[in-house]
Amino acid sequence: MKNLTLLLILFLGFSACKQVEKKAVHIEKEYYGTTKEGKEVDRYTLSNDSGMKVHIITFGGIITHLYVPNATGGLNDVVLGCDSLSDYEKGSPYFGALIGRYGNRIADGTFTLDDQTYSLVQNDGKNHLHGGTKGFDKVVWDASSRIENGKAVLQLNYLSKDMEEGYPGNLNTEVTYTLSKANILEVSYRATTDKKTVLNLTQHAYFNLSGTADILNHELKLNAPHYLPVDETLIPTGEIASVAGTPFDFTSFKAIGRDIKKEDIQLERGLGYDHCWVLDDSNKGLRSAAILQEVNSGIQLEVFTDQPAIQFYSGNFLDGTNPMKQSDSFYNYRSGLCLETQHFPNSPNQASFPSTELSPGEVYSTKTQFKFTLIN
Ligand code: GLA
């Protein structure tokens, strides 16, 4: 009898735990809008009982809102975005979007693979940027969601057809957003091709942890002792330069605004920071790449990735013309910053850079995590 009671208590305790675990994350789906081409777009909301909540739409896999707990017990929406599908369709500066097939720039919009030369649209001066005219940020992804191992999972799939935007191979792409109880939003990417191609997928969220007019007071640390200097068109020169003694040294916490106005040819070319930092590879695999802090909100964002580099872009092209969501005003110069985990820009034309080629039979598989905590 005693044993039976004990068993009953254990069973009830176990079910209670299970229930708590089941309820710790949530997923909702609703209609968001219809594209100009007549495709329906849904909005998924992943949330957890720690207060974190993220809205993601199937158009571009865009994170439209990302609410995280601040130090005073409230929630801050820490990403820039638009209010409607038509605003995103008109073309935002890649607010919150998935970027593909090639995040960042390919010089002169051309590359050669196995003696075959491919031509891409030159949508950034003479260079190709962020996958072209209709990149992964502007397509509607198939979506399915589930709760798995106590985490909220949104799986997005897109088949990019052979020669879409000029890239070879039918590319089966899968991007999975996963929200955990511990306020980690993970983005994992998987792709396969039926023809040799190049690939560099990333996420283009613009962060502002406090909602202030600009991000110059945010403190940033990059676990990167080197960066890639660029030419006048923001294509890496090929040099892998040490950050020591330059405005590009973020190896310990530094306010973004501290050196941004210093006289420096690289800052001049980027109009601020718009460069790729080479991550410290001493610990390959998923590792801390960047930590961003804002003291007034008390919020800290740590970015983990298995990618070789991170593009830190200080929002230098934001010019007060993009309407601010849920507001009558506009996003100002440098009101958000991007931390885009990726391979080096222009790798297809730079043999000394890590390869971005993907061949049939291989699986492209990479992951990045955005972890939100309070500054301690
Ligand atoms: C990237 C680029 C920037 C700019 C933005 C979008 O981060 O590096 O130069 O093109 O995207 O505006």
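Every number for a ligand or one of its atoms is a count from 1 in the order of the listing. From a predicted model like this one, the values you see are computed outputs, not experimental measurements.
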Validation row: Leu98, Trp141 side chains within 4.5 angstrom (heavy atoms) = yes
For atom 1 (C) of ligand 1, which candidate among Gln311, His130, Arg105 holds the nearest heavy atom?
-> His130
Relative to the heavy atoms of Tyr206, which atoms of ligand 1 are at a distance of less than 4.0 Å?
-> 6 (C), 12 (O)
For atom 9 (O) of ligand 1, which protein heavy atom lies nearest, and how many Å away is it?
-> Asp274 OD2, 2.3 Å
Do other residues, nucleotides or ligands put more than 12 heavy atoms under 6.0 Å from Glu28 CD?
-> no
May I ask which of Leu129, Leu318, Leu234, Leu271 has a heavy atom nearer to atom 10 (O) of ligand 1 than the others do?
-> Leu129
Only one of Asn346, Thr233, Asp124, Asn123 passes side-chain hydrogen bond (donor to acceptor under 3.5 Å, both in side chains) with Arg105, and that residue is Asp124
Closer than 4.0 angstrom: is that true for some heavy atom of Tyr273 and an atom of ligand 1?
-> no
Give the residue and atom name of whichever protein heavy atom lies nearest to atom 7 (O) of ligand 1, and the separation in Å to one decimal.
-> Glu340 OE2, 2.7 Å
May I ask you to identify, for Phe95, whether its side chain, its backbone, both or neither come under 4.0 Å of ligand 1 on a heavy-atom basis?
-> neither
Test of proximity, Tyr94 against ligand 1: N or O pairs below 3.5 Å = no
Should the pair Glu302-Lys371 be classified as a salt bridge under the 4.0 Å nitrogen-to-oxygen rule?
-> no
Without swapping roles, check the side chain of Asp42 against the backbone of Lys29 for a donor-acceptor pair under 3.5 Å.
-> no
Do Glu186 and Lys367 touch side chain to side chain, with heavy atoms closer than 4.5 Å?
-> yes
For ligand 1, find out whether one of its N or O atoms is nearer than 3.5 Å to an N or O atom of Asn104.
-> no
Are side-chain heavy atoms of Ser210 and His218 found at a separation under 4.5 Å?
-> yes
